[in-house]
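As the structure lists them, so they are numbered: ligands from 1, and atoms in each ligand from 1.
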Amino acid sequence: MSFFKVEHLTMKFGGLVAVSDFSLTAKEGDLIGLIGPNGAGKTTAFNMITGRLLPTEGKIYFRGKDITGTQSHIINAGGIARTFQNIRLFNDLTVLENAMIGYHGRLRSSFWEAIFRLPRYKSEEKKMRSMARELLAEVQLDNVANEKAGTLAYGQQRKLEIARALATNPRLLLLDEPVAGMNPRETGNMMDFINSIREAYALAIILIEHDMRFVMGLCEHLIVLDHGVTIATGNPAEIQNNPQVIEAYLGEPEGA
Ligand SMILES: Nc1ncnc2c1ncn2[C@@H]1O[C@H](COP(=O)(O)OP(=O)(O)OP(=O)(O)O)[C@@H](O)[C@H]1O
Ligand SMILES: [Mg+2]
């Protein structure tokens with residue numbers, strides 16, 4: 001039984017084939033990079049894997065189960081978490097409250113127990129709060145636990161988003177451009193951070209990123225998409241020397 005397997009995924013939007021015949025296999029603990037020029041279909045691949053888009057064709061298997069077409073919150077509860085290309089935090093909630101949201105999918109209380117704050121919910125909430133505090137300490141955000149998320153530095157917001165994903169107890173974490181907009185120092189910190197959570201949480205990670213130094217420094221295996229098509233797979237050295245990959249990047253229109 002393979003840990004994670006995607007077979008022949010295709011996503012069509014009307015006449016546009018955003019992703020074509022995309023396949024991928026990951027073992028537990030793998031760190032895989034998904035790269036390619038703008039509009040290559042990278043985020044679309046994540047959206048299919050996480051149940052936000054129903055693939056036009058193809059299958060997704062996770063820990064021996066076919067999860068194709070499963071609702072995204074069920075996929076998340078089953079062990080796949082993600083972050084988004086544009087940070088999605090509740091800016092007016094505190095860092096702690098944002099982290100606690102990650103635990104909500106793991107609550108056993110019913111909706112009504114939560115609404116009326118019945119005893120089971122109250123005790124679960126207390127537990128959630130203490131788990132969120134622990135998590136924030138682990139990712140070194142405990143010093144800002146009571147700040148509004150929107151006031152954090154950019155790098156810390158990205159970290160908080162990852163922390164919230166970790167709160168859902170994933171085995172597979174998908175990161176969509178975790179260092180976009182970061183300066184070199186923040187990027188270096190994020191690289192260390194990803195390595196540390198990979199180890200601490202025994203995660204497999206698939207990440208999308210345009211920053212080549214970051215990708216090449218972190219990932220063991222790379223998949224290159226261009227116009228929805230997988231044009232290369234291999235280790236960083238193989239990818240860097242692949243003429244088709246170089247062409248895909250250099251052939252990009254100006255300003256893209
Ligand atoms: N919901 C949608 N409806 C229609 N077209 C879409 C939709 N989502 C994505 N697309 C199109 O599919 C193609 C792939 O988009 P996608 O966002 O997956 O690219 P990407 O590789 O993540 O690019 P970037 O690096 O710029 O984030 C693009 O042409 C995009 O406009
Ligand atoms: Mg994208």
Just jot down the ligand 1 atoms closer than 4.0 angstrom to any heavy atom of [X], in number order.
| X | result |
| --- | --- |
| Ala40 | 19 (O), 20 (P), 21 (O) |
| Glu177 | 25 (O), 27 (O) |
| Gln85 | 24 (P), 27 (O) |
| His210 | 25 (O) |

Residues, nucleotides or ligands: over 12 heavy atoms within 6.0 Å of Glu220 CD: yes

Approximate separation, where rounding is to 0.5 Å, of Ile197 CD1 and Leu166 CG: 5.0 Å

Test your reading of the model: is there a side-chain donor-acceptor pair from [X] to the backbone of [Y], 3.5 Å cut-off?
| X | Y | value |
| --- | --- | --- |
| Gln157 | Leu152 | yes |
| Thr68 | Ile60 | yes |
| Arg88 | Thr83 | no |

What protein heavy atom lies closest to [atom]? Include the residue and the distance to one decimal.
| atom | value |
| --- | --- |
| atom 31 (O) of ligand 1 | Leu16 CD2, 4.7 Å |
| atom 4 (C) of ligand 1 | Phe13 CG, 3.3 Å |
| atom 23 (O) of ligand 1 | Gly39 N, 2.8 Å |
| atom 18 (O) of ligand 1 | Thr44 OG1, 2.5 Å |
| atom 12 (O) of ligand 1 | Ala18 CB, 3.3 Å |
| atom 26 (O) of ligand 1 | Asn38 ND2, 2.9 Å |
| atom 22 (O) of ligand 1 | Thr43 OG1, 2.8 Å |

N, O or S atom of Thr43 closer to the Mg ion (ligand 2) than 2.8 Å: yes

Whether Thr44 has an N, O or S atom under 2.8 Å from the Mg ion (ligand 2): no

Candidate pair His8 and Glu57, rule side-chain hydrogen bond (donor to acceptor under 3.5 Å, both in side chains), full reasoning: CA-CA 7 Å; His8 309 296; Glu57 282 166 48; over 6 Å; no

Whether Gly36 lies under 4.0 Å from ligand 1, heavy atom: no

Hydrophobic cluster membership, Val144 vs Phe193, 4.5 Å side-chain cutoff: yes

Hphob cluster co-occupancy, Leu31 + Val179, side-chain heavy atoms under 4.5 angstrom: yes

The single option from Thr50, Thr168, Thr70 passing side chain to side chain donor-acceptor pair (under 3.5 Å) against Asn76: Thr168

Among Asn98, Leu96, Leu136, side chain to side chain contact (heavy atoms under 4.5 Å, CB included) partner for Leu141: Leu136

Leu53 N/O to ligand 1 N/O under 3.5 Å: no

For ligand 1, the portion of Asn47 having any non-hydrogen atom under 4.0 Å away: neither

Note: Arg158-Glu209 ion pair, threshold 4.0 Å (strictly below): no

Option with minimal heavy-atom separation from atom 25 (O) of ligand 1, where the choices are Arg52, His227, Lys42, Glu209: Lys42

